[in-house]
Amino acid sequence: MRILLVDDSKTMRTIQKRVLEGLGAGTEFFEAADGFEALSVIASLPNGYDLAMIDWNMPNMDGLTLVARIREKNKATPLIMCTTEAEKERVVAALKAGVNNYVVKPFDAKTLLEKVQATLAKAKAA
Amino acid sequence: MTVVTSAPPAAAKPQPGGRTIELYARLAGAFADAVRSVSETMAGVPVQTGAPARKEPGGPRYDVSGVIGFAGEIAGSLVIRFPLPVAAGLVTGLAGGMTFAPESSDFADAVGELANMVAGAAKSRIGKAASISVPVVIVGAGHAVPALSDVPVIVIPCTCQHGPFVLELNLKHQPSAAAE
């Protein structure tokens, strides 16, 4: 399992990594602090990745723009927006841009892990 | 995120009217709910909040501040202010037991993320269109944080197992403003 974590807070990436290690041994993590860095990391992964967790508010390139850029070339890999933006309009905008699921911060570990597992299972079944 | 080590003194003067007081009460309730939720869920640290009050000159000084700017229907700032041991305790909780030196970028990042989550959670509870800035973190004994001079600073006292800290709200309602 290869997971890309995109968040301008290193603390948040560390928290996500700690929770998602619950997906099982052998889970690999790749990290980026903004949308541009994420695109660069993606370009450096010849074997692709299985899931990306993407923050909304980041400097340089925000998460919504990143989702749109990823979806120009890749319709299949599941993307999860993980953000403090909880308003309904934001959730709708993210889903329209192409995210598969949406997690609002603060989150508890169980909820995050369950949403990631459900998203991966749905993508696998599709 | 930006980390700075000092700032000019705060200023806040005018007396709020009836509708403004109602707004402050609503804002204070949203931010108090948000800090309790974020601290317990993400750092495993339960927080108790006290009654909000207007900030008066000569109050306590703090060592660490996380500042988030608001723009849109609600404009101004949220500042979460801690004595150093309290910030360190919350950062360790957030980081899953890791400790960071107060001058490190990891420490500032954690304080900034805490402020960011409190601001975001409060924003969704307030229900006004607003955007929030990336966090600015100030570390330094007894520093001051600038405030809008045309609205009072509302202080929400907070207590956790590591000691007391405060939220300072310096926000005004701009009904005609649209968020980004």
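Every value quoted in this text rests on a predicted model; they were computed, and no experiment measured them. These numbers come from the heavy atoms of this one structure, side chains and all, not from hydrogens, waters or symmetry mates.
A/Val19 is connected to B/Val38 through a chain of hydrophobic side-chain contacts under 4.5 Å among Ile, Leu, Val, Met, Phe, Trp and Tyr, so both are in one cluster. Under a hydrophobic clustering in which Ile, Leu, Val, Met, Phe, Trp and Tyr are joined whenever their side-chain heavy atoms come within less than 4.5 Å, directly or via other members, A/Val6 and A/Trp56 fall into the same cluster. Hydrophobic clustering (side-chain heavy atoms under 4.5 Å, transitive across Ile, Leu, Val, Met, Phe, Trp, Tyr) groups A/Ile3 together with A/Ile80. Both B/Leu78 and B/Leu148 are assigned to one and the same hydrophobic cluster, defined by single-linkage of ILVMFWY side chains at heavy-atom distances under 4.5 Å. Under a hydrophobic clustering in which Ile, Leu, Val, Met, Phe, Trp and Tyr are joined whenever their side-chain heavy atoms come within less than 4.5 Å, directly or via other members, B/Val35 and A/Met12 fall into the same cluster.
No donor-acceptor pair closer than 3.5 Å links the side chain of A/Asp108 to the backbone N or O of B/Thr41. Side-chain atoms of A/Thr84 never come within 3.5 Å of backbone atoms of B/Gly120 as a donor-acceptor pair (strictly under, hydrogens ignored).
The contact between A/Thr14 and chain B is made entirely by side chain atoms (from C-beta outward), counting heavy-atom distances below 4.5 Å.
Heavy atoms from other residues, nucleotides or ligands lying under 6.0 Å from NZ of A/Lys115 number more than 12.
Within residues 25-36 of chain A, no residue has any heavy atom under 4.5 Å from a heavy atom of chain B.
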(request) Take B/Glu113 and A/Arg13, measure what side chain to side chain contact (heavy atoms under 4.5 Å, CB included) needs, and give me the verdict at the end. (result) CA-CA 11 Å; B/Glu113 187 59 16; A/Arg13 299 196 304 268; over 6 Å; no
(request) Show your reasoning for whether side chain to side chain contact (heavy atoms under 4.5 Å, CB included) applies to B/Met42 and A/Lys105. (result) CA-CA 9 Å; B/Met42 300 302 296; A/Lys105 302 173 191 172; 5.8 Å; no
(request) Report the C-alpha distance between A/Asn57 and B/Val134 in whole Å, list the side-chain angles of each, state the deciding distance to 0.1 Å, and finish with yes or no for side chain to side chain contact (heavy atoms under 4.5 Å, CB included). (result) CA-CA 8 Å; A/Asn57 294 313; B/Val134 294; 5.8 Å; no
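Smallest separation of non-hydrogen atoms from B/Leu94 and A/Arg18: O-NH2, 3.7 Å.
Put simply, OG on B/Ser124 and CZ on A/Arg90 are 11.5 Å apart, with the number rounded to the nearest 0.5 Å. One distance of note links CG of A/Asp7 with CG of B/Asn116; it measures 8.0 Å at 0.5 Å rounding. Separating the OG1 atom in A/Thr11 from the CZ atom in B/Phe107 is a distance of 10.5 Å, to the nearest 0.5 Å.
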